[in-house]
Amino acid sequence: EALTVAEGAADNGARAAEEAVEAVVRGMGLEADVRVEPGDGETDLQVVVDGAGTSALVGRGGETIDALQYLVAQIASRAAGGERRRVALDADGYRARRAAALAELADRAAHEAVEHGEEIELDVMTPHDRRIVHMALKDRTDVITRSEGDEGRRRIIVEPADG
């Protein structure tokens with residue numbers, strides 16, 4: 001088990017995030033490396049877990065990793081003196097696979113909307129997942145996307161553009 005806080009990410013929040021994730025990894029009996037790196041602009045910290053069996057951290061539909069990411073962000077924020085820390089947590093390459101699957105879903109929905117000339121309603125998604133879908137279709141001129149519903153039950157509507 002390697003603990004690694006990358007240069008540029010080393011502060012109380014980063015160390016607290018690393019320790020929290022390492023405790024979960026150990027508690028689950030996993031042999032994994034936990035790395036904390038500077039964020040990508042959208043986030044302050046990137047926490048990456050690599051090793052055998054780390055897919056257990058993802059859980060069904062990403063529910064476990066999303067919940068753990070939320071907790072780690074809260075822990076990092078408190079350790080950083082209450083300053084809000086945006087944390088991205090990834091295990092077993094889940095985030096990249098999820099982004100690719102959402103981009104593919106967006107493309108299929110756009111094709112269907114244009115082909116049938118009607119709105120396509122996607123399933124309820126997290127704000128992060130909705131953003132990926134909106135961004136995947138933002139450069140297309142043949143469709144428009146919008147989010148509808150109350151928070152916690154928001155979904156994306158993909159519809160043909162007028163004209």
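Remark: T126 OG1 to E151 CD distance equals 9.5 Å, nearest 0.5 Å. Note: R146 CZ to H134 NE2 = 10.0 Å, rounded to the nearest 0.5 Å. Interatomic distance, S77 OG to E83 CD, rounded to the nearest 0.5 Å: 8.0 Å. From E22, atom CD reaches atom CD of E18 across 7.5 Å, with rounding to the nearest 0.5 Å. Separating the CG atom in D40 from the OG1 atom in T43 is a distance of 4.0 Å, to the nearest 0.5 Å. Rounded to the nearest 0.5 angstrom, S147 OG and M125 CE are separated by 9.0 Å.
The two residues A110 and L137 come nearest to each other via the heavy atoms CB-CD2, 3.9 Å. Nearest approach of V158 to T145, heavy atoms of both residues: CG2-CG2, 4.1 Å. Shortest non-hydrogen contact noted between A136 and A106 is CB-CB, 4.1 Å. Taking each heavy atom of L45 and A76 in turn, the nearest pair found is CD1-CB, 4.4 Å. Across all their heavy atoms, V25 and A32 have their closest contact at CG1-CB, 3.8 Å. Contact detail for A16 and A79: the closest heavy-atom pair is CB-CB, 3.4 Å.
Within a 6.0 Å radius of CZ in R86, other residues, nucleotides and ligands contribute more than 12 heavy atoms. Counting non-hydrogen atoms of other residues, nucleotides and ligands closer than 6.0 Å to CZ of R84 gives a total of 12 or fewer.
Taken together through direct or relayed side-chain contacts under 4.5 Å among Ile, Leu, Val, Met, Phe, Trp and Tyr, V34 and M28 form part of one hydrophobic cluster. Grouping the Ile, Leu, Val, Met, Phe, Trp and Tyr side chains by contacts below 4.5 angstrom, directly or via other members, places I75 apart from L57. Placement of V47 and Y94 within a single hydrophobic cluster is found when ILVMFWY residues are connected by side-chain heavy-atom separations under 4.5 Å, directly or transitively. V114 and I157 are not part of a single hydrophobic cluster, where members link through side-chain heavy atoms under 4.5 Å apart. V72 is connected to V58 through a chain of hydrophobic side-chain contacts under 4.5 Å among Ile, Leu, Val, Met, Phe, Trp and Tyr, so both are in one cluster.
Between the side chains of H116 and E112, no donor N or O sits under 3.5 Å from an acceptor N or O. A donor atom on one side chain and an acceptor atom on the other are not found under 3.5 Å apart for Q46 and R95.
Between the side chain of R155 and the main chain of L122, a donor-acceptor pair closer than 3.5 Å is present. The backbone N or O of G149 sits less than 3.5 Å from a side-chain atom of R154, completing a donor-acceptor pair. No donor-acceptor pair under 3.5 Å is formed between the side chain of R98 and the backbone N or O of D129.
R131 has its side chain within reach of E42: a pair of non-hydrogen atoms, C-beta onward, lies under 4.5 Å apart.
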Query raised in the report: Step by step, would you call E104 with R108 a salt bridge (Lys or Arg N to Asp or Glu O under 4.0 Å)?
Result: CA-CA 6 Å; E104 189 177 309; R108 282 196 318 268; 3.1 Å; yes
Requested in this report: Could you walk me through whether E119 and E148 pass side chain to side chain contact (heavy atoms under 4.5 Å, CB included), step by step?
Outcome: CA-CA 12 Å; E119 293 184 353; E148 283 187 355; 5.5 Å; no
